[in-house]
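Working notes, structure below.
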Amino acid sequence: MTVNALEAKSFDQPDEKRRPPKTQVDVVTLGDTTLGRFTFEPGWRWSETVKTVVHTDTCQVNHVGICAAGTLTVQMEDGSQATVSSGHAYTIPAGHDAWVEGDEAFVGYEVMSAATFAKPA
């Protein structure tokens, strides 16, 4: 990856917003790189929210990110699972469900999936 220009953008004024139920995806593009801030409200579960707009049985997006707030549990199709909390970096392969744990919103910044996550099919 090569950076050819100096740029700065705010997630508070994103290039694109996606708003499935209990979901806020704010997307900024810098050069050839698309980044996302994902905010999931308490009670959020992929299979009850984002699934309603993408129409797949499990999330088919690969994720690489950093959790800034909250807690998210991810369960793979084979039943294995992991919990991501504030301060964790994470990778999540395609083929999973996920849900917010507790009463605090999950906020993650992602560098891989922002171009496609929660985009209507």
Side-chain angles (χ1 to χ4, degrees):
M1 175 186 283
T2 301
V3 176
N4 297 313
L6 175 63
E7 292 184 77
K9 290 186 179 178
S10 172
F11 284 104
D12 294 330
Q13 296 176 336
D15 296 320
E16 182 181 357
K17 295 179 182 184
R18 300 183 201 128
R19 299 293 190 257
K22 297 184 179 183
T23 307
Q24 295 179 26
V25 178
D26 298 308
V27 178
V28 297
T29 301
L30 302 168
D32 295 333
T33 304
T34 303
L35 303 136
R37 177 177 63 190
F38 297 1
T39 305
F40 307 145
E41 297 174 16
W44 179 93
R45 187 177 185 112
W46 183 91
S47 57
E48 297 169 358
T49 57
V50 178
K51 180 179 180 173
T52 66
V53 298
V54 299
H55 308 293
T56 57
D57 290 335
T58 58
C59 182
Q60 295 302 303
V61 174
N62 294 287
H63 302 269
V64 176
I66 300 165
C67 176
T71 303
L72 186 74
T73 296
V74 180
Q75 184 173 43
M76 301 303 300
E77 290 173 332
D78 68 5
S80 62
Q81 66 182 44
T83 299
V84 176
S85 297
S86 183
H88 287 170
Y90 58 88
T91 59
I92 305 168
H96 60 273
D97 192 6
W99 56 90
V100 171
E101 299 280 359
D103 295 331
E104 182 182 4
F106 170 85
V107 179
Y109 290 88
E110 297 209 359
V111 297
M112 186 171 186
S113 65
T116 58
F117 183 77
K119 211 167 200 174

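For T116, there are no side-chain hydrogen bond (donor to acceptor under 3.5 Å, both in side chains) partners two or more places apart in sequence or in a different chain. Residues satisfying the side-chain hydrogen bond (donor to acceptor under 3.5 Å, both in side chains) criterion with D32, sequence neighbours excluded, are absent altogether. For W44, the ring pair (Phe, Tyr, Trp, His ring centres under 6.0 Å) partners are F40, not counting sequence neighbours. By the salt bridge (charged side-chain N to carboxylate O under 4.0 Å, His left out) test, K9 pairs with D15, sequence neighbours left out. Residues passing the side-chain hydrogen bond (donor to acceptor under 3.5 Å, both in side chains) test with Q60, sequence neighbours excluded: T58. Applying the side-chain contact (heavy atoms from CB on, under 4.5 Å) criterion to N4, with sequence neighbours excluded, gives T2. Here P93 pairs with N62, M76 under the side-chain contact (heavy atoms from CB on, under 4.5 Å) rule; sequence neighbours left out. A search for salt bridge (charged side-chain N to carboxylate O under 4.0 Å, His left out) contacts involving E16 returns R18, not counting sequence neighbours. Under the side-chain contact (heavy atoms from CB on, under 4.5 Å) criterion, E41 pairs with K22, not counting sequence neighbours. Evaluation of the side-chain hydrogen bond (donor to acceptor under 3.5 Å, both in side chains) rule for E48 yields no partner, not counting sequence neighbours.
With hydrophobic clusters built from ILVMFWY side chains whose heavy atoms lie under 4.5 angstrom apart, V74 shares a cluster with F117. A single hydrophobic cluster is seen to contain both M112 and Y109, as judged by linkage of ILVMFWY side chains at heavy-atom distances under 4.5 Å, directly or through other members. V64 and V84 sit in two unconnected hydrophobic clusters of ILVMFWY residues. Membership requires side-chain heavy atoms under 4.5 Å apart, directly or through other members. Residues V25 and V111 do not share a hydrophobic cluster, clusters being chains of Ile/Leu/Val/Met/Phe/Trp/Tyr side chains in contact below 4.5 Å.
Closest of all the heavy-atom pairs between P20 and V53 is CG-CG2, 3.9 Å. Closest of all the heavy-atom pairs between V100 and L72 is N-CD1, 4.0 Å. Minimum interatomic distance between S113 and V61 (heavy atoms only, all atoms of both residues): CB-CG1, 3.0 Å. Pairing each heavy atom of A115 with each of T34, the nearest pair is N-CG2, 3.8 Å. Counting all heavy atoms, side chain and backbone alike, C67 lies closest to A69 at SG-O, 3.3 Å.
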Test side-chain contact (heavy atoms from CB on, under 4.5 Å) applied to D57 and K51, step by step:
CA-CA 7 Å; D57 290 335; K51 180 179 180 173; 4.2 Å; yes

Do Q75 and W99 pass the side-chain contact (heavy atoms from CB on, under 4.5 Å) test, and can you show the C-alpha distance, the side-chain angles, and the key distance before you say yes or no?
CA-CA 9 Å; Q75 184 173 43; W99 56 90; 3.8 Å; yes

For W46 and V54, what are the C-alpha separation, side-chain angles and deciding distance, and is it a side-chain contact (heavy atoms from CB on, under 4.5 Å)?
CA-CA 10 Å; W46 183 91; V54 299; 3.6 Å; yes

Determine, stepwise, if the pair L35 / F11 fulfils side-chain contact (heavy atoms from CB on, under 4.5 Å).
CA-CA 9 Å; L35 303 136; F11 284 104; 4.0 Å; yes

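Sequence neighbours left out, the pairs with a member in residues 86-95 that pass side chain to side chain donor-acceptor pair (under 3.5 Å) are Y90-E110. For residues 63-80, the set of pairs meeting the salt bridge (charged side-chain N to carboxylate O under 4.0 Å, His left out) definition, not counting sequence neighbours, is empty.
In this structure, CZ in R37 is found 7.0 Å from OG in S10, a value given to the nearest 0.5 Å.
Checking side-chain atoms of D26 against main-chain N and O of P14 turns up no donor-acceptor pair under 3.5 Å. In this structure a side-chain-to-backbone donor-acceptor pair under 3.5 Å is present from E7 to G31.
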